[in-house]
Amino acid sequence: MTIHIGAQPGEIADTVLMPGDPLRAEWAARTFFQDATCVNRVRGMLGYTGTWRGHRVTIHGSGMGMPSLSIYANELIRDYGARTLIRVGSAGGYQPHTRLRDIVLAQGATSVSTPSSTIFREVNFAPLADFGLLSAAYRAATARSARVHVGNIHSSDTFYTERPDHVAELTRHGVLAVEMEAAELYILAARHGVRALAVLTVSDHIVTHEALPSEDREQSFGEMIEIALEAAFT
Ligand SMILES: O=P(O)(O)O[C@H]1O[C@H](CO)[C@@H](O)[C@H]1O
Ligand SMILES: O=c1cc[nH]c(=O)[nH]1
């Protein structure tokens, strides 16, 4: 057990899917895993371990924002030995072609800051996805004819931005969508020599203001979960 995760040693699988929403973790475990067992309830941050097509896998909430994800990812990697971490999250589309329910595979994650900014000082580290996971996820997405985009995303510290100029510049430079965790996940993966990827579903659009309701964000992004599972075990 750690401060934030109540799982016993051995109860977390090598591969961990990480949605921001703990209730998405519960729904996905019940929907896609065989023999799903709840392994964490501390602070309501649900984690489940089960099997998918015979592979042992955990899904564990990260909470919203990089500081929260950093706590869980650090403990999952350092204390429980997780080796593959795949964020399965919602994102706001930036580009005209990133439409609601499209899949975005985050090849890189741009940010203004991350919890690791203080250690990098003047260095602008480029947080990147694991190429093997990224290419496997792309194959899985195209095999099921998903509308999929691969590229740069924005990992933001704010959901309600007061800096529309950031959105404008990032959009102008081809950034696909905004979310709040991937950059720090990729940095932690690099630091600890493990694999990471963010598989996202567009839940709203920053320019058009179209948006899916919270129930859909919790319980309807199954395509993203299956792509993540197929990528992890290919
Ligand atoms: O749907 P999740 O995975 O929580 O991801 C996105 O949704 C939350 C904001 O609503 C942030 O965590 C953002 O990254
Ligand atoms: O961070 C996020 C996630 C989903 N949608 C947004 O607009 N922002």
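Remember, it's 1-based here, ligands and their atoms both numbered in the order they're listed. Along the sequence shown, residues are numbered consecutively beginning with 1.
Summary of contacts: the protein heavy atom closest to atom 5 (O) of ligand 1 is Arg87 NH2, 2.8 Å. At the top of the distance list for atom 2 (C) of ligand 2, counting protein heavy atoms only, stands Val178 O, 3.6 Å. For atom 8 (N) of ligand 2, the closest heavy atom belonging to the protein is Phe159 CE1, 3.5 Å. Atom 4 (O) of ligand 1 has Gly20 CA, 3.3 Å as its closest protein atom, hydrogens excluded (heavy atom only). The nearest heavy-atom contact from the protein to atom 7 (O) of ligand 1 is Ser90 OG, 3.2 Å. Here the protein heavy atom with the shortest distance to atom 12 (O) of ligand 1 is Glu181 OE2, 2.6 Å. The nearest heavy-atom contact from the protein to atom 10 (O) of ligand 1 is Phe159 CE1, 3.4 Å. For atom 6 (C) of ligand 2, the closest non-hydrogen atom of the protein is Asp204 OD2, 3.4 Å.
By the 3.5 Å distance cut-off applied to N or O atoms, Gly89 is not counted among the residues near ligand 1. Polar contact check, Arg217 against ligand 1: no nitrogen or oxygen pair lies under 3.5 Å apart. The shortest N or O to N or O distance between Gly92 and ligand 2 is below 3.5 Å. Between Met180 and ligand 1, an N or O atom pair is found at a separation short of 3.5 Å. Geometrically, ligand 1 and Glu179 share no nitrogen or oxygen pair separated by less than 3.5 Å.
Counting non-hydrogen atoms of other residues, nucleotides and ligands closer than 6.0 Å to OH of Tyr80 gives a total above 12. Around CZ of Arg144, the count of heavy atoms belonging to other residues, nucleotides or ligands within 6.0 Å exceeds 12. Shown here is Phe131, whose CZ atom has no more than 12 heavy atoms of other residues, nucleotides or ligands within 6.0 Å. The number of heavy-atom neighbours closer than 6.0 Å to CZ of Arg191, taken from other residues, nucleotides and ligands shown, is above 12.
Between Tyr94 and His154, the ring-plane angle classifies as tilted under the 30° and 60° cut-offs. Taking the six-membered ring where tryptophan is involved, the planes of Phe125 and Phe120 are essentially parallel, since the angle between them stays under 30° and well short of 60°.
Rounding to the nearest 0.5 angstrom, the gap separating the CG atom in Asp21 from the CH2 atom in Trp27 is 11.0 Å.
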> Would Thr84 and Val16 count as a side-chain contact (heavy atoms from CB on, under 4.5 Å) if you check the C-alpha gap in whole Å, the side-chain angles of each, and the deciding distance to 0.1 Å?
Replying inline: CA-CA 6 Å; Thr84 296; Val16 183; over 6 Å; no
>> Determine whether Asp157 and Met180 satisfy the following criterion, side-chain contact (heavy atoms from CB on, under 4.5 Å), listing intermediate values before the conclusion.
In response: CA-CA 6 Å; Asp157 284 333; Met180 300 177 66; over 6 Å; no
>> Quick one, Thr158 with Arg163, criterion side-chain hydrogen bond (donor to acceptor under 3.5 Å, both in side chains). Give me CA distance, side-chain angles, the key distance, then yes/no.
In response: CA-CA 10 Å; Thr158 55; Arg163 292 291 302 271; over 6 Å; no
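When Met64, Met224, Met66 are ranked by how near their heavy atoms come to atom 8 (C) of ligand 1, first place goes to Met64.
If you number the atoms of ligand 2 from 1 as listed, the ones under 4.0 Å from a heavy atom of Met180 come out as 1 (O). For ligand 1, the atoms lying closer than 4.0 Å to a non-hydrogen atom of Asp21 are 4 (O). Ligand 2 places these atoms under 4.0 Å from at least one heavy atom of Ser203: 4 (C), 5 (N). In the vicinity of Ile206, heavy-atom distances shorter than 4.0 Å reach the ligand 2 atoms 7 (O).
Side-chain atoms of Arg101 and Ser220 include a donor-acceptor pair closer than 3.5 Å. Between the side chains of Glu179 and Ser155, at least one donor N or O sits under 3.5 Å from an acceptor N or O.
Here the shortest heavy-atom pairing between Arg56 and Thr51 reads CA-CG2, 4.2 Å.
Heavy atoms of Ala91 found under 4.0 angstrom from ligand 2 belong exclusively to the backbone.
Distances from ligand 2 to the non-hydrogen atoms of Ser156 include no value under 4.0 Å. For the pair Arg24 and ligand 1, a heavy-atom separation below 4.0 Å is found.
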